[in-house]
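Data block below; observations after.
Just follow the structure's listing: the first ligand is 1, and inside any ligand the first atom is 1. These numbers come from the heavy atoms of this one structure, side chains and all, not from hydrogens, waters or symmetry mates.
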Amino acid sequence: MTSAFLSHLDNVLAEIDAAGLRKSERIITTPQDGHFTIRDAHGGRREMINMCSNNYLGLANDPQIIAAARQALGDFGFGMASVRFICGTQSLHRQLEERIAGWLGRDDAILFAAAFDANGGVFEPLMGPEDAIVSDALNHASIIDGIRLAKARRYRFANSDMTELEDQLKKARGDGARFVLIVTDGVFSMDGYTAKLQEICHLAERYDALVMVDDAHAHGHLGARGGGTPALTGVGNRVQIVTGTLGKTLGGGMGGFIAGPQPIIDLLRQRARPYLFSNALAPALAAGSLKAIDIAETADDRRAHLGELVGRFRSGMTAAGFELLPGETPIVPIMLNDARRAQGMAAALDRRGVYVAGFFYPVVPQGQARIRVQLSAALSEKDVDTALGAFAEAGREIGVR
Ligand SMILES: *Cc1c(COP(=O)(O)O)cnc(C)c1O
């Protein structure tokens with residue numbers, strides 16, 4: 001039995017290899033930053049320019065954040081060894097929740113071990129079988145999974161297609177839904193553009209629906225004070241529920257949150273399963289994240305630098321003849337379409353000291369393989385120019401232009 005099962009798995013893995021879809025992990029031996037060192041296959045070390053982290057403001061290795069986390073290790077210990085409601089809530093946890101809520105202009109916030117858990121736990125307690133969830137087809141996997149766990153009726157619209165969204169809202173209303181929730185990513189992370197929140201909120205109001213936005217790829221670096229896509233697009237609290245992560249711009253540690261109206265947060269504290277049945281955030285993570293929010297909120301200088309790098313990279317790549325998806329976020333997809341070409345390109349860049357990742361099925365649709373570059377305020381203009389030179393050379397080597 002066991003050997004039949006394991007050889008079945010070996011066959012599945014062989015299929016993944018044969019299709020050129022195997023994801024391999026390179027080993028990094030220094031902190032997450034604009035540059036880091038990797039260990040190559042022969043045990044050597046090489047310094048790389050890092051062009052693919054979610055470290056948008058360059059806070060992952062910030063000395064003030066490290067100091068705050070160290071202080072918390074001393075003051076609050078290493079681990080909580082409890083869920084929140086038994087004996088896992090320290091003053092730090094409430095301080096962080098209140099800080100997030102204040103920063104985003106919300107009544108309250110609730111922490112999770114990850115944004116994946118926040119999305120996994122948010123729908124089931126809030127939306128019952130009489131209710132409808134209307135979801136963008138390109139939403140993050142954690143939203144898709146979270147919706148699967150809810151008993152609500154499910155409606156889906158093509159990515160950012162407002163005509164389809166309206167059709168689905170009509171359908172949900174026609175089906176007699178009690179409450180309707182529209183859910184979207186704030187930034188579509190494989191493509192790098194933002195949700196049409198003005199139009200979404202307008203339709204939500206017309207059809208009496210709530211709006212939830214997952215701003216994992218926006219909090220901290222997009223919008224005034226890093227307030228994310230509701231701040232960027234001016235819709236503010238016309239979006240009622242927001243998901244965020246502490247694992248990207250905000251220090252890149254780990255943890256997730258939901259922020260919104262008090263009754264929503266209160267009910268999630270009673271009923272959200274990943275909150276009730278999973279460990280409280282480690283104190284050092286909570287303290288480091290608090291410091292990260294302090295820094296991000298006032299980091300207009302970092303946001304401006306990041307914006308300059310994005311413009312520099314986009315115009316350089318376009319001039320070099322690469323096919324980019326349009327957008328205004330630090331995510332820049334370079335379309336190669338074929339998975340093997342994307343992997344070949346990533347390898348050719350790796351040999352030139354530029355660390356990027358190829359993305360292909362099942363992370364993006366078949367035939368839409370790409371290199372996704374993410375700019376970071378940890379990079380300099382010189383780094384971007386070096387990367388542009390490497391892309392031009394690698395493109396010639398692989399024959400993509
Ligand atoms: C990264 C991401 C998540 C998951 O965040 P974690 O805190 O790492 O679990 C959820 N939603 C979106 C849109 C993301 O980009």
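In summary, Asp383 and Arg312 do not engage in a salt bridge, as defined by a charged side-chain N under 4.0 Å from a carboxylate O.
Within the 3.5 Å criterion, the main-chain N or O of Gln368 finds a donor-acceptor partner in the side chain of Arg370.
Taking Phe112 as the reference, Tyr275 meet the ring pair (Phe, Tyr, Trp, His ring centres under 6.0 Å) condition, with sequence neighbours excluded.
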Which pairs would a plain distance check flag for residues 149-156, meaning a side-chain donor or acceptor within less than 3.5 Å of a matching protein atom at least two apart in sequence or in another chain?
{"unit_1": "Arg153", "atom_1": "NH1", "unit_2": "Asp175", "atom_2": "O", "d": "2.7"}
{"unit_1": "Arg154", "atom_1": "NH2", "unit_2": "Arg148", "atom_2": "O", "d": "3.1"}
{"unit_1": "Tyr155", "atom_1": "OH", "unit_2": "Asp175", "atom_2": "OD2", "d": "2.6"}

Check: residues 247-259 side-chain donor-acceptor pairs under 3.5 Å, at least two apart:
{"unit_1": "Thr249", "atom_1": "OG1", "unit_2": "His219", "atom_2": "O", "d": "3.4"}
{"unit_1": "Thr249", "atom_1": "OG1", "unit_2": "His221", "atom_2": "ND1", "d": "2.8"}

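Taking the six-membered ring for Trp and thresholds of 30 and 60 degrees, Tyr193 and Phe188 have ring planes inclined between 30 and 60 degrees apart.
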Could you pull out the N/O contacts under 3.5 angstrom between ligand 1 and the surrounding protein atoms?
{"unit_1": "ligand 1", "atom_1": "7 (O)", "unit_2": "Ala115", "atom_2": "N", "d": "2.8"}
{"unit_1": "ligand 1", "atom_1": "7 (O)", "unit_2": "Thr245", "atom_2": "OG1", "d": "2.7"}
{"unit_1": "ligand 1", "atom_1": "9 (O)", "unit_2": "Ala115", "atom_2": "N", "d": "3.3"}
{"unit_1": "ligand 1", "atom_1": "9 (O)", "unit_2": "Phe116", "atom_2": "N", "d": "2.9"}
{"unit_1": "ligand 1", "atom_1": "11 (N)", "unit_2": "His140", "atom_2": "ND1", "d": "3.4"}
{"unit_1": "ligand 1", "atom_1": "11 (N)", "unit_2": "Asp214", "atom_2": "OD2", "d": "2.6"}
{"unit_1": "ligand 1", "atom_1": "15 (O)", "unit_2": "His217", "atom_2": "NE2", "d": "3.1"}
{"unit_1": "ligand 1", "atom_1": "15 (O)", "unit_2": "Lys248", "atom_2": "NZ", "d": "2.7"}

